[in-house]
Amino acid sequence: MGDTLDKPDFRPILNPTKQRPLGTPPHKETIIKDAFRLRTLMAMGALAQIVLFAILPYRYAVVPALILTLHSIGATIGQMFLCKTNENPYMTGVTQGFTSSQPPSWQTGRYPNAPCSSSIVVFHLGVSYNHPLGPACPGAYELYTHFMNMSKAINEKKEEYGLLGMSSWKQTKRATHNAAMTVFYFRDIEGLHKFAHDKEHRDGWDFLHAFRKKGYNHITALHETFEVPAGAWESIYLDSPPILMGDTTIRVTEKDGSATWYHSLVDASVRPLTGMMNRMARGKATAREGYA
């Protein structure tokens, strides 16, 4: 224990904030775009162009497609030019070098000086539409509404649930990426259990059960829960924006009663965070081990 006390705390990458961070649900645009095959989207565009040719003179019918094409080409060229001037918009929020998620203390906001010193609960919540119409299939809109209500509720009560952060992901196993999943990080299993039994989550499950009783079984709903003790997880990010567990925050009540949110992302260039086994507090870093 003496060695641990003598070590300096890990250095946070991001400054604490007084603004309450909120999770971001999936964008509607991505839900629609990824729900159909490429050829289906192209057929939709072709049909729209045929309609324009049917109702407009040729010289005017090509204008919308021409505008969209020129805008896309111009935007791409502009972004490539910005890349050369170190103003690449896609680099916004990217931290250069190695970083790792090491949540600070819930009581003080102090960062640890030993890797993976706290437990974590990881919760996967997902949905898939096994239907030719994808998210336009029967029941999809109602389920999406319930999901958005759950996302709103969990954001509003994130401290009550012990929610650290959330991020959305898409499955790429199918040509239509209409299997979506949100990864949640909770402080403990009790907070997740409380969320699971609150109204918004129960309403979603009740809808699915009633939907199946009507004879519909084309919507997949799933969740997975992992309760991970201290010393049984690790994370490393290279040249990355805050993502997954690296995009989590801890709320701390200061002495004056105000709330401050501390980000979990820390500098991983220091020796205790080099090497997978070291980030799990199970070994000593070596030159060969590096950051793997």
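- Atom OG of Ser128 sits about 9.5 Å away from atom NZ of Lys170, to the nearest 0.5 Å.
- Residue Leu222 is not grouped with residue Val127 when hydrophobic side chains (ILVMFWY) are merged at heavy-atom distances under 4.5 angstrom, including chains of intermediate members.
- Side-chain contact check for Ser258 versus Lys18: some heavy-atom pair is nearer than 4.5 Å.
- Under the 4.5 Å side-chain criterion, counting only non-hydrogen atoms from C-beta, Val252 is not in contact with Gln107.
- At most 12 non-hydrogen atoms from other residues, nucleotides or ligands lie less than 6.0 angstrom from NE2 of His71.
- Tracing side-chain contacts under 4.5 Å through hydrophobic residues (I, L, V, M, F, W, Y), one never reaches Val62 starting from Ile50; they form parts of separate clusters.
- Of all heavy-atom pairs between Ser167 and Leu244, the closest is OG-CD2, 3.6 Å.
- For the pair Asn149 and Glu200, the tightest heavy-atom approach, listed with the atom from each and the gap, is O-CG, 3.7 Å.
- In this structure, Ala114 and Gln102 approach most closely via the heavy-atom pair O-OE1, 4.3 Å.
- In this model, a donor atom of one side chain and an acceptor atom of the other lie less than 3.5 Å apart for Asn130 and Thr220.
- Using a 4.0 Å cut-off between charged side-chain N and carboxylate O, Glu159 and Arg20 make a salt bridge.
- Scanning all heavy atoms of the two residues, the minimum distance from Ser105 to Ile250 falls at O-CG2, 3.9 Å.
- Heavy atoms from other residues, nucleotides or ligands lying under 6.0 Å from CE of Met44 number more than 12.
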- request: Applying side chain to side chain donor-acceptor pair (under 3.5 Å), run through His201 and Trp205 and close with a yes or a no.
  value: CA-CA 7 Å; His201 186 259; Trp205 273 113; 3.2 Å; yes
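- You'll find the side chain of Ser119 stays beyond 4.5 Å of the side chain of Glu227, heavy atoms only.
- Linking Ile, Leu, Val, Met, Phe, Trp and Tyr whenever their side-chain heavy atoms come within less than 4.5 Å leaves Tyr141 and Leu133 in two separate clusters.
- With a 4.5 Å cut-off on side-chain heavy atoms, Thr249 and Lys158 count as touching.
- Between Phe211 and Tyr216, the ring-plane angle classifies as parallel under the 30° and 60° cut-offs.
- Residues in residues 222-257 take part in these ring pair (Phe, Tyr, Trp, His ring centres under 6.0 Å) pairs, two or more places apart or across chains: Phe123-His223, His124-Phe226.
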field: Test log, rule salt bridge (charged side-chain N to carboxylate O under 4.0 Å, His left out), inputs Arg202 and Asp206
entry: CA-CA 6 Å; Arg202 291 305 318 168; Asp206 291 344; 3.7 Å; yes
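- Considering OG of Ser168 and CZ of Phe147, their distance stands at 6.0 Å, rounded to 0.5 Å.
- Within the 4.5 Å cutoff, the side chain of Met91 has heavy atoms near those of the Gln96 side chain.
- Counting heavy atoms from C-beta on, the side chains of Asn278 and Leu273 never come closer than 4.5 Å.
- One finds a salt bridge joining Lys199 and Asp203 here, because a Lys/Arg side-chain nitrogen approaches an Asp/Glu carboxylate oxygen to under 4.0 Å.
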message: Test side chain to side chain donor-acceptor pair (under 3.5 Å) on Tyr185 and Asp247; report intermediate values, then the result.
response: CA-CA 10 Å; Tyr185 297 91; Asp247 195 23; over 6 Å; no
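- To the nearest 0.5 angstrom, Tyr129 atom OH is 7.0 Å from Cys137 atom SG.
- Summarising the geometry, atom OG1 belonging to Thr248 is positioned 6.5 Å from atom CD1 belonging to Ile120; distances are rounded to the nearest 0.5 Å.
- Hydrophobic clustering (side-chain heavy atoms under 4.5 Å, transitive across Ile, Leu, Val, Met, Phe, Trp, Tyr) groups Leu265 together with Val183.
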task: Give the C-alpha distance, both sets of side-chain angles, the deciding distance and a yes or no for side chain to side chain contact (heavy atoms under 4.5 Å, CB included) between Val63 and Leu56.
output: CA-CA 10 Å; Val63 170; Leu56 295 174; over 6 Å; no
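- Linking ILVMFWY residues whenever their side-chain heavy atoms come closer than 4.5 Å, directly or via other members, leaves Tyr60 and Phe53 in distinct clusters.
- Between Leu14 and Tyr262 the shortest side-chain heavy-atom distance does not fall below 4.5 Å.
- Checked against a 6.0 Å centroid threshold, the rings of Tyr111 and Phe10 do not count as neighbours.
- Here Lys194 contributes atom NZ and Asp188 contributes atom CG; the two are 12.0 Å apart, rounded to the nearest 0.5 Å.
- Looking at His209, its side chain never comes within 3.5 Å of a backbone N or O of Gly204 through a donor-acceptor pair.
- Here the closest non-hydrogen pair linking Ser151 and Met166 is OG-CE, 4.4 Å.
- Contact between Ala268 and Thr274 at its shortest, heavy atoms only, is O-CG2, 4.1 Å.
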Stepwise side chain to side chain contact (heavy atoms under 4.5 Å, CB included) test for Arg187 and Val121: CA-CA 6 Å; Arg187 176 185 179 184; Val121 172; over 6 Å; no
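- Around the CD atom of Gln19, the shell of radius 6.0 Å holds no more than 12 heavy atoms that belong to other residues, nucleotides or ligands.
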task: Might you work through the side chain to side chain contact (heavy atoms under 4.5 Å, CB included) test for Lys157 and Asp198, ending with a clear yes or no?
output: CA-CA 11 Å; Lys157 302 178 183 178; Asp198 266 5; 3.5 Å; yes
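- Between His263 and Pro242, the closest side-chain pair of non-hydrogen atoms is not below 4.5 Å.
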task: Begin with the C-alpha distance, continue with both residues' side-chain angles, and end with the deciding distance and a verdict on side chain to side chain contact (heavy atoms under 4.5 Å, CB included) for Phe184 and Leu163.
output: CA-CA 7 Å; Phe184 298 88; Leu163 176 70; 3.9 Å; yes
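- We find the NE2-NE2 distance between His131 and His218 to be 5.0 Å, quoted to the nearest 0.5 Å.
- Here salt bridge (Lys or Arg N to Asp or Glu O under 4.0 Å) pairs that include residues 248-269, with residues two or more places apart or in two chains, are Arg11-Asp267.
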